[in-house]
There are 2 protein chains.
Amino acid sequence: MTSHAYLVDDDDAIRDSLCWLLESRGVPCRSYPSAEDFLAAWNSSLAGCVLLDIRMDGMSGPELFDLLGERGSTLPVIFLTGHGDVPMAVSALKKGAFDFVEKPCNDNELVNRVIEALTLDANQRVAASGADSINTLISRLTARERQVMERVLAGKLNKVIADELQISMRTVEVHRANLFEKMGVRTAVELAQLLAGKRS
Amino acid sequence: MTSHAYLVDDDDAIRDSLCWLLESRGVPCRSYPSAEDFLAAWNSSLAGCVLLDIRMDGMSGPELFDLLGERGSTLPVIFLTGHGDVPMAVSALKKGAFDFVEKPCNDNELVNRVIEALTLDANQRVAASGADSINTLISRLTARERQVMERVLAGKLNKVIADELQISMRTVEVHRANLFEKMGVRTAVELAQLLAGKRS
DNA sequence: CGCGGTATTGCGGATTTCCACAATATGCGC
DNA sequence: GCGCATATTGTGGAAATCCGCAATACCGCG
């Protein structure tokens with residue numbers, strides 16, 4: 001999924017001109033005439049950022065913003081508005097909007113913000129992919145292996161784990177070795193380091 | 001250091017009325033007639049939050065905000081302004097201000113924001129104290145113990161560590177046991193958990 | 001100079017982990 | 001039913017860790 005700027009505005013002229021501006025600066029751009037249109041097109045694998053008009057027919061910009069958040073979007077959102085007020089800007093930013101700019105605005109400024117947002121999103125994605133691949137690894141463990149892993153991470157001895165799980169020590173050793181193998185580590189400490197912070 | 005609201009505004013009447021409002025709601029408050037006054041009184045152990053007027057004689061609110069940031073303040077800052085515009089609010093929030101409210105504002109709203117900011121600050125402090133106490137623990141280790149700890153956290157076997165440090169395995173065992181004792185853990189895994197994330 | 005803290009090492013035994021080899025049982029899909 | 005993945009257990013030995021007891025050495029402080 002290439003990184004795009006997703007422009008949502010119900011004004012045809014603005015959509016066209018902004019889209020042209022961005023593409024002329026090397027930023028791939030797709031535009032949508034309504035919040036509903038973008039929401040329909042959105043899926044969690046979209047990468048890039050969103051340029052969102054505040055006031056639109058149908059669903060408003062902030063409403064779309066909230067909805068995207070609920071659906072797990074992490075796309076940076078830049079609000080665009082011709083008639084914004086301070087409380088609206090404050091509210092948007094406190095909810096995690098990337099920026100809030102008033103129309104008309106300086107072209108270079110806007111393109112810069114878009115590029116910043118694109119960069120942020122790219123960084124977020126590499127960071128997330130780390131956690132993701134770890135969760136993928138964990139997902140490949142069997143239930144037993146996960147139970148053993150939990151207890152290994154709690155610093156428990158095999159014999160204690162065996163006792164807690166009501167199985168023999170030998171079995172614990174087997175699960176332990178298997179899960180280390182699957183997680184690609186050689187020691188319990190490496191496992192702890194691997195999962196440091198991003199627990200699932 | 002008790003948690004306070006630090007009010008910085010050059011308008012006597014506003015200072016008095018806001019201070020009275022906050023104290024009447026149970027929020028201890030101290031006020032300063034200028035940014036310079038607060039800056040002089042500030043030190044890194046102050047706890048609470050800052051209520052900052054934008055436009056003041058001498059140093060402006062945003063200028064003070066930047067300076068505090070440079071000096072390592074983590075106090076949440078709520079900007080107060082009677083004539084703010086959107087770009088100003090956006091700029092403040094993107095720089096990390098806690099909130100940005102326009103005067104006149106609803107008393108309850110403001111008090112709520114202050115309490116939120118106070119809560120945030122308190123949470124930040126407990127989080128920081130955790131990292132701090134860990135660093136304190138580490139600082140009590142001897143040089144050798146730290147060297148051993150590094151390698152233990154790298155998942156190395158005692159024999160390897162002994163080899164790297166050119167000492168006997170027995171010595172490594174001793175250092176290892178001592179540092180576990182000092183760090184208050186019983187296993188290498190616990191140590192890794194303890195230092196998960198906040199490495200010094 | 002003696003005391004205390006740190007660093008160092010050895011011995012020997014208890015405990016634990018690691019692993020190869022080997023085997024049984026269950027459940028699931030073709 | 002057969003093959004495969006998973007779970008389970010055992011034997012036995014090599015390797016590593018854990019730990020008490022004991023000793024030597026260096027260094028800074030009073």
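Predicted model, so just to flag it, every value in this text is computed and none were measured. We name chains A, B, ... by the order of the sequence lines, and we start the count at 1 in each one.
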Under 3.5 Å, sequence neighbours excluded: what are the donor-acceptor pairs made by side chains of residues 170-177 of chain B?
residue  : atom : partner  : partner atom : Å
B:Thr171 : OG1  : B:Ser168 : OG           : 3.0
B:Arg176 : NH1  : B:Asn158 : OD1          : 2.6

Legend entry - Residue pairs passing the side chain to side chain donor-acceptor pair (under 3.5 Å) test where at least one lies in residues 52-64 of chain A, sequence neighbours excluded: A:Asp53-A:Lys103
Inset, instruction - For residues 145-173 of chain B, pull every pair meeting ring pair (Phe, Tyr, Trp, His ring centres under 6.0 Å), keeping only residues two or more places apart or in separate chains. - result: none
Inset, instruction - In whole angstrom, give the distance that lies between atom CZ of A:Arg151 and atom C1' of C:dT17. - result: 19 Å
Legend entry - Heavy-atom side-chain proximity of B:Val152 to B:Ile161 below 4.5 angstrom: yes
Inset, instruction - Sequence neighbours left out, what passes side chain to side chain contact (heavy atoms under 4.5 Å, CB included) with B:Ala92? Give chain and number order. - result: B:Phe79, B:Ala97, B:Phe100
Sort me out a list of protein N/O and nucleotides 3-7 of chain C N/O pairs below 3.5 Å, or just none if empty.
residue : atom : partner  : partner atom : Å
C:dA7   : OP1  : B:Thr142 : OG1          : 3.1
C:dA7   : OP2  : B:Thr142 : OG1          : 2.9

Legend entry - With sequence neighbours excluded, residues passing side chain to side chain contact (heavy atoms under 4.5 Å, CB included) with B:Ala47: B:Asp121, B:Arg125
Inset, instruction - Apply side chain to side chain contact (heavy atoms under 4.5 Å, CB included) to A:Asn112 and list each qualifying residue two or more places apart in sequence or on a separate chain. - result: none
Inset, instruction - Output every pair passing side chain to side chain donor-acceptor pair (under 3.5 Å) with a member in residues 73-83 of chain B, not counting sequence neighbours, ordered by first then second residue. - result: none
Inset, instruction - Could you tell me which residues satisfy side chain to side chain contact (heavy atoms under 4.5 Å, CB included) with B:Thr142, sequence neighbours excluded, listed by chain and number? - result: B:Arg144, B:Glu145, B:Lys182
Legend entry - Letter per nucleotide, 5' to 3', of nucleotides 14-23 of chain D [B base touched, S only sugar-phosphate touched, - untouched; heavy atoms, 4.0 Å]: --SBBBBB--
Legend entry - Global bending angle along the helix from C:dC1-D:dG30 to C:dC30-D:dG1, which compares the axes of five pairs at either end, to 10 degrees: 40°
Legend entry - Of all pairs that satisfy ring pair (Phe, Tyr, Trp, His ring centres under 6.0 Å), the ones with a partner from residues 112-154 of chain B, not counting sequence neighbours: none
